[in-house]
Amino acid sequence: MHDTEEALFRAVHGIAGRFAGQPVPVVMEALLLHLPKAPGLQVAEIRKIAEEISVGRDPSGL
């Protein structure tokens, strides 16, 4: 499970760097395309991540 979590954080970090400040739908699309599949990851959580990235934050913690 640790490897999956690390892969998620790294993917979010990369997307945050490339898509910071973009509209939420654009960030959502990038997240849905590039996030590794993880059990329990819900669309609502992905939207919250997209909203953070959209306002220029990096929610990955990296």
Side-chain angles (χ1 to χ4, degrees):
M1 185 62 118
H2 179 66
D3 291 338
T4 302
E5 288 177 7
E6 184 174 340
L8 283 170
F9 289 128
R10 291 199 180 282
V12 168
H13 180 68
I15 292 167
R18 291 189 309 270
F19 291 89
Q22 296 294 316
V24 172
V26 172
V27 181
M28 277 285 294
E29 183 178 345
L31 288 168
L32 292 171
L33 287 173
H34 298 289
L35 285 182
K37 300 296 180 216
L41 186 61
Q42 303 292 321
V43 173
E45 293 172 281
I46 295 172
R47 179 159 182 87
K48 287 180 184 179
I49 293 168
E51 290 169 351
E52 291 286 315
I53 293 171
S54 182
V55 296
R57 295 188 193 114
D58 181 354
S60 72
L62 298 177

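Values in this document were obtained by computation on a predicted structure and should not be read as measured data. Residue indices begin at 1 and follow the sequence shown.
Using a distance-only test at 3.5 Å, with no hydrogens or angles considered, no donor-acceptor pair links the side chain of Ser54 to the main chain of Gly21.
Residues in residues 53-62 take part in these salt bridge (charged side-chain N to carboxylate O under 4.0 Å, His left out) pairs, two or more places apart or across chains: Glu52-Arg57. Evaluation of the salt bridge (charged side-chain N to carboxylate O under 4.0 Å, His left out) test over residues 19-31, restricted to residues two or more places apart or in two chains, returns none.
Residues satisfying the salt bridge (charged side-chain N to carboxylate O under 4.0 Å, His left out) test with Arg18, not counting sequence neighbours, are none. Considering only residues two or more places apart in sequence or on other chains, Glu51 meets the side chain to side chain donor-acceptor pair (under 3.5 Å) condition with Arg47.
Annotation for Leu41: hydrophobic cluster partners, listed by chain and number, are Leu8, Val12, Ile15, Phe19, Val24, Val26, Val27, Met28, Leu31, Leu32, Leu35, Val43, Ile46, Ile49, Ile53 (ILVMFWY side-chain heavy atoms under 4.5 Å, direct or chained).
One finds the NZ atom of Lys48 at 7.5 Å from the CD atom of Glu45 (value rounded to the nearest 0.5 Å).
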